[in-house]
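Residue numbers begin at 1 in each chain, while the letters A, B, ... track the order of the sequences.
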There are 2 protein chains.
Amino acid sequence: MNKPRPTGTTRIQREKREAIFEAALDVFSENGLRGATLDQIAARAGLSKPNVIYYFQGKEAIYTELLESLLDIWIAPLIELSDSDDPVEELLTYVRRKLDMSRDMPRQSRLFATEMIQNAPHINDVISGSLRDLVDEKARLIKGWMKAGKIAKSDPHHLIFSIWAVTQHYADFDVQVRAVLDGNDPFETAPDFVETLFRRMLTP
Amino acid sequence: MNKPRPTGTTRIQREKREAIFEAALDVFSENGLRGATLDQIAARAGLSKPNVIYYFQGKEAIYTELLESLLDIWIAPLIELSDSDDPVEELLTYVRRKLDMSRDMPRQSRLFATEMIQNAPHINDVISGSLRDLVDEKARLIKGWMKAGKIAKSDPHHLIFSIWAVTQHYADFDVQVRAVLDGNDPFETAPDFVETLFRRMLTP
DNA sequence: GCGGCACTTGACCATTTGGTCAAGAATTTT
DNA sequence: AAAATTCTTGACCAAATGGTCAAGTGCCGC
């Protein structure tokens, strides 16, 4: 019989599980699942290792639960992309929100990036399931705008990829970007550039 | 006194070191330095673990030597970007070469991506040294084209970032891209899109 | 074809790591 | 305030892992 695990009902459970998620986000986003250790997570959470195991089944369970709990937040901006009188602005708003997320949630971006680079074994079903459906739906929306002549024609899927790529690059490759910019804050100058890039791509 | 290590003079040394690099590229690009094990590398190289250690100082040495040996190849396309009568085509050639590299050398792309995500501790000096200088030099070249009215004005550094981001995305996020495209080969359709994106960005 | 040197590895070791467990400390319930 | 329950951890364990070493095996020049 499996030992029952706290699911987050009581005050202590919510707080401790939250602390573990927070620490795990740090550690996993820097080293990936294999590279991270329970000791690191426990130390950063300010708990003992057995105590961490008390709240989660194990290392992998922390990882998968963390990934899943972040997925919704991560996809939210795309979900909100919807029909509009001004599709260029609608898409640029999406771009800006994605860039904001790179600035404000770099660890989450890196966590997903690491998972993707390692072939996404833990979220494969999501990626080729609900995410694919979501992207397809938004691609149809974009296609409609193109057919109506409201934005310039191009491949909607690749358009979405390029938005992901450019915006997430500022989180995932932060060190490189900052090194090359030599101390200048990327997020001072990036928004203007990114907006220009996609405005030119989208304007008919 | 340090044990002398083979440096790659004899036939066997060249072959075995090459086999180890090849295996290490597989393993490190999937799991990062911490996540990879000597056993994995040895197994994929078809060697015993002590034999691997015979050719390299240790796991970290394999990693750093591999990274350094790949750096030149990785930066080569940018080095070749040079003054031209037709700057738009010159830059688009660079974009195409980068996209080709994502298609033909995805493991290398992922290796560097993982290193970057982990804050590039092993190539920090290169990034904030020779790479920064190289990018600065090319940024000045691009700036010149902009001032001469040959390409549209924008921030040259961010332009380079966006080229890196978009092209490498197809290697690093390959699983996601393929899942969303549902079996269609990304590299059938990506070149046209990417060329259009940057042509629109660059055409005055 | 043989002597020397490069190469190879089974056995081994110390450390790290994911995870268990029983017993004790807090907290909540009654 | 006692009982019941939840929470916490020191001590421990088995497996994995980076690395060593002495004893071979085999290649290469002579």
**Q** Within the structure, does a side-chain N or O atom of Gln13(A) lie under 4.0 Å from either OP1 or OP2 of dC7(D)?
**A**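 Yes, Gln13(A) has a side-chain N/O under 4.0 Å of OP1/OP2 on dC7(D).
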
**Q** For nucleotides 22-30 of chain D, give me one character per nucleotide, 5' to 3': B if any protein heavy atom sits under 4.0 Å from the base, S if the only such contacts are to the sugar-phosphate, - if neither.
**A** ------S--

**Q** With a cut-off of 3.5 Å and sequence neighbours excluded, list every side-chain donor-acceptor pair involving residues 139-146 of chain A.
**A**
residue	atom	partner	partner atom	Å
Trp145(A)	NE1	Asp83(A)	OD1	2.8

**Q** Does the distance from a Lys or Arg side-chain N to an Asp or Glu carboxylate O, for Arg96(A) and Asp100(A), drop under 4.0 Å?
**A**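 Salt bridge flag = no for Asp100(A) with Arg96(A).
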
**Q** To 10°, what angle do the rotation axes through the five end pairs on each side of the helix from dG1(C)-dC30(D) to dT30(C)-dA1(D) form?
**A**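 Roughly 30°, once rounded to the nearest ten degrees.
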
**Q** Mind checking the CG-CZ spacing from Leu92(A) to Arg97(A)? Nearest 0.5 Å is all I need.
**A**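 Separation between the atoms: 14.5 Å.
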
**Q** At less than 4.0 Å, is any side-chain N or O atom of Lys16(A) found next to OP1 or OP2 of dT8(D)? Yes or no.
**A**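 Yes, Lys16(A) has a side-chain N/O under 4.0 Å of OP1/OP2 on dT8(D).
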
**Q** Which whole-number value in Å describes the distance from Glu15(B) CD to dT8(C) P?
**A**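 Taking CD of Glu15(B) and P of dT8(C), I get 10 Å after rounding.
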
**Q** Going by ring pair (Phe, Tyr, Trp, His ring centres under 6.0 Å), name the pairs with one or both residues in residues 26-50 of chain A, residues two or more places apart or in two chains.
**A**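 Every ring pair (Phe, Tyr, Trp, His ring centres under 6.0 Å) pair that includes a residue of residues 26-50 of chain A, provided the two are not neighbours, is Phe28(A)-Tyr63(A).
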
**Q** Write down the distance between OH (Tyr55(A)) and P (dT6(D)), rounded to a whole number of angstrom.
**A**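 About 11 Å, once rounded to whole Å.
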
**Q** With a 3.5 Å cut-off and sequence neighbours excluded, list the donor-acceptor pairs that the side chains of residues 39-53 of chain A form with protein atoms.
**A**
residue	atom	partner	partner atom	Å
Gln40(A)	OE1	Thr37(A)	N	3.0
Arg44(A)	NH1	Asp26(A)	OD2	3.1
Ser48(A)	OG	Asn51(A)	N	3.4

**Q** With no hydrogens and no angle check, is any side-chain donor or acceptor of Lys59(A) less than 3.5 Å from a backbone partner on Leu33(A)?
**A**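 Looks like yes, one N/O pair under 3.5 Å.
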
**Q** Charged N to carboxylate O under 4.0 angstrom, Lys150(A) versus Glu90(A)?
**A**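 No salt bridge links Lys150(A) with Glu90(A).
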
**Q** Rounded to whole Å, please give me the gap between OH in Tyr54(B) and C1' in dT9(C).
**A**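 It works out to 13 Å between those atoms.
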
**Q** Which pair of heavy atoms, one from Lys98(B) and one from Gln168(B), lies closest together, and at what distance?
**A**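 Closest approach of Lys98(B) to Gln168(B), heavy atoms only: NZ-NE2, 3.0 Å.
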
**Q** Tell me the closest heavy-atom pair linking Ala113(B) and Asp172(B), and the distance in Å.
**A**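 For Ala113(B) and Asp172(B), the tightest heavy-atom pair comes out as CB-OD2, 3.6 Å.
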
**Q** Round to the nearest Å and state the distance from Asn51(A) atom CG to dG19(C) atom P.
**A**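 Computing the Asn51(A):CG to dG19(C):P distance gives 15 Å.
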
**Q** Write down the atom of Thr167(B), the atom of Ser102(B), and the distance for their closest heavy-atom approach.
**A**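 Heavy atoms only, the tightest pair is O-OG, 2.7 Å.
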
**Q** Taking the six-membered ring of Phe56(A) (Phe, Tyr or Trp), confirm whether the NZ or CZ of Arg17(A) is under 6.0 Å from its centre and within 45° of its axis.
**A**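 Yes, cation above the ring, under 6.0 Å and within 45°.
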
**Q** Base, backbone or nothing for each nucleotide of nucleotides 10-19 of chain D, written B, S, -, heavy atoms under 4.0 angstrom, 5' to 3'?
**A** B------SBB

**Q** Could you tell me the separation between the CD atom of Gln40(A) and the P atom of dT16(C), rounded to a whole number of Å?
**A**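 For the pair Gln40(A) CD and dT16(C) P, the rounded distance is 13 Å.
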
